[in-house]
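Only heavy atoms go into these numbers, but all of them, side chains included; no hydrogens, no water, no symmetry mates.
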Amino acid sequence: MKKYLRMAAISVILAMMITGCGKDGDSSEGTTEVVTENNQYEDLTDKLNALSDEITDLVAKAEPLHEQGKLATDKYTAIQGLSATLEEIGTEGNSENTLKYNELKKQVEDLSYDVSAAENPQELNEDTALTSLMDCIEEAEPVFTAANEQGKLPDDRFAEFKAYKAEVQGYIDGTKEKGDNITQRLSDIRSDITTMASQAEADNELIDKLLASPVTVGDKAELEELIDNYLMLQDEVQTKISSGELEEKDLTDLMTIGVKVVELKEALQTGNITEETKDSMAAVSAELKTFAESVGSDLAERFN
């Protein structure tokens, strides 16, 4: 029994990692915002007020989208519950309140993405592509600067790189019109900068990042569906273990696959998705299908 309880606890932790309910690697807030040498936490009043305004705006955007059938009911219900969760967070600066704030902030960010995707998925894909490309440009800049100084990257090519950076920044801050062919334009810029990276003898990590494709609304939706189905399967397995239908080893096997689901989520959070990532997603889904069939779960049909 104790062994099962340990396994159940591990599965809860894994579920938190998958859904982002714990400390999330891509959160800009972190979980322990220490602001003094005495390990004291900042007062949260201003941050909570700002988050309250974000939630109010999000609810206003979500309501018509849900009525039009563009926003799923579970997403809309989650958005409606944000204010109640906010009210449960105290303003006193301590570790518990800070952790709750950071978790809610991350949830608001995720749901804001979903609302934006429902409003205009194409525009969101463009924004994601711009963010992803600028991230690559900023990472490449010191490499290209050094390569130019060493004579590996000619002055004219380095000037082109600088022009690309200014162009992309213009799209981001709105000072430059995107145009109808913005997706192709960004792809062309990314491709040429990749060529520059080879000229500059950049490391494989940067080149691989440039060769990757920006994450799209469709990629995120596919991953969310995989996560939801995985968690339902995990709940079913735990229930069957409690009733004696399955053994604890079955949960262990499932959680081994669950670690791969977490890795997929982390890959998508970088803002870039490689063909290897897509292949891995398909492979994990196939593994879960095989597992579901082996334990007699009707959820098997949810995995492709």
Side-chain angles (χ1 to χ4, degrees), residues 1-63 71-116 220 223-224 226-228 230-232 234-235 237-239 242 251 254-255 258-259 261-271:
M1 181 64 179
K2 289 182 179 179
K3 182 179 178 183
Y4 169 67
L5 290 175
R6 287 199 298 272
M7 293 301 299
I10 292 172
S11 69
V12 169
I13 294 172
L14 185 59
M16 290 175 66
M17 291 173 66
I18 290 174
T19 57
C21 294
K23 181 178 180 180
D24 202 303
D26 69 344
S27 171
S28 60
E29 298 295 337
T31 57
T32 53
E33 294 190 4
V34 183
V35 295
T36 73
E37 294 182 356
N38 295 324
N39 202 36
Q40 296 297 310
Y41 295 80
E42 64 183 318
D43 181 86
L44 297 177
T45 302
D46 291 341
K47 286 192 171 186
L48 290 173
N49 288 338
L51 191 56
S52 177
D53 291 340
E54 288 184 43
I55 291 172
T56 299
D57 292 342
L58 190 58
V59 171
K61 290 181 180 179
E63 186 171 358
L71 184 67
T73 299
D74 62 331
K75 301 292 185 185
Y76 182 58
T77 301
I79 290 171
Q80 286 183 307
L82 292 173
S83 293
T85 304
L86 181 71
E87 292 176 0
E88 296 173 0
I89 303 176
T91 59
E92 180 183 353
N94 57 46
S95 59
E96 181 180 0
N97 287 337
T98 300
L99 177 60
K100 288 180 179 179
Y101 165 80
N102 288 328
E103 289 178 348
L104 182 58
K105 176 70 173 176
K106 183 63 173 61
Q107 188 178 5
V108 170
E109 290 173 354
D110 288 343
L111 289 169
S112 295
Y113 184 100
D114 293 320
V115 168
S116 296
K220 187 173 185 294
L223 177 65
E224 286 182 342
L226 181 63
I227 289 174
D228 289 344
Y230 168 82
L231 292 175
M232 285 191 289
Q234 180 177 285
D235 289 342
V237 169
Q238 287 178 313
T239 300
S242 297
L251 182 58
L254 178 58
M255 287 193 295
V259 171
V261 177
V262 174
E263 291 172 349
L264 285 172
K265 180 183 178 184
E266 291 174 347
L268 290 185
Q269 285 173 341
T270 64

For the atom pair CD1 (I89) and CD (E103), what is the distance rounded to the nearest 0.5 Å?
8.5 Å
Any side-chain heavy-atom pair from V259 and E263 closer than 4.5 angstrom?
yes
CD1-CG distance between I55 and L82, expressed to the nearest 0.5 angstrom:
5.0 Å
Side chains of K106 and D110 in contact at under 4.5 Å (non-hydrogen atoms):
yes
If we ignore angles and hydrogens, is there a donor and acceptor under 3.5 Å between the side chains of Q234 and Y230?
yes
With heavy-atom distances below 4.5 Å as the criterion, would you say the side chains of T85 and K100 are in contact?
no
Check the pair I227 / V261 against side-chain contact (heavy atoms from CB on, under 4.5 Å), numbers first and verdict last.
CA-CA 7 Å; I227 289 174; V261 177; 3.8 Å; yes
Closest approach of N97 to N94 (non-hydrogen atoms, all atoms of both residues):
N-OD1, 2.8 Å
Drop me the distance from Q80's CD to K75's NZ, to the nearest 0.5 angstrom.
14.5 Å
Rounded to the nearest 0.5 Å, what separates atom CD in E109 from atom CD in Q107?
11.0 Å
Once rounded to the nearest 0.5 Å, what's the spacing between atom CG of D53 and atom CG of L58?
12.5 Å
Is it true that a side-chain atom of S52 and a backbone atom of L48 form a donor plus acceptor pair closer than 3.5 Å?
no
When you compare the side chain of D235 with that of Q238, does any pair of heavy atoms fall below 4.5 Å?
yes
With heavy-atom distances below 4.5 Å as the criterion, would you say the side chains of L51 and E54 are in contact?
yes
Verify side-chain contact (heavy atoms from CB on, under 4.5 Å) between L268 and L264, making sure each step is shown before the conclusion.
CA-CA 6 Å; L268 290 185; L264 285 172; 5.8 Å; no
Of all heavy-atom pairs linking K265 and L223, the shortest is CA-CD2, 3.7 Å
Atom pair CD (E88) and OG (S83), whose distance is rounded to the nearest 0.5 Å
11.5 Å
Heavy-atom closest contact (K220 atom, D114 atom, distance):
NZ-OD1, 3.4 Å
Run the side-chain contact (heavy atoms from CB on, under 4.5 Å) check on I79 and L71 step by step: do they pass?
CA-CA 11 Å; I79 290 171; L71 184 67; 4.0 Å; yes
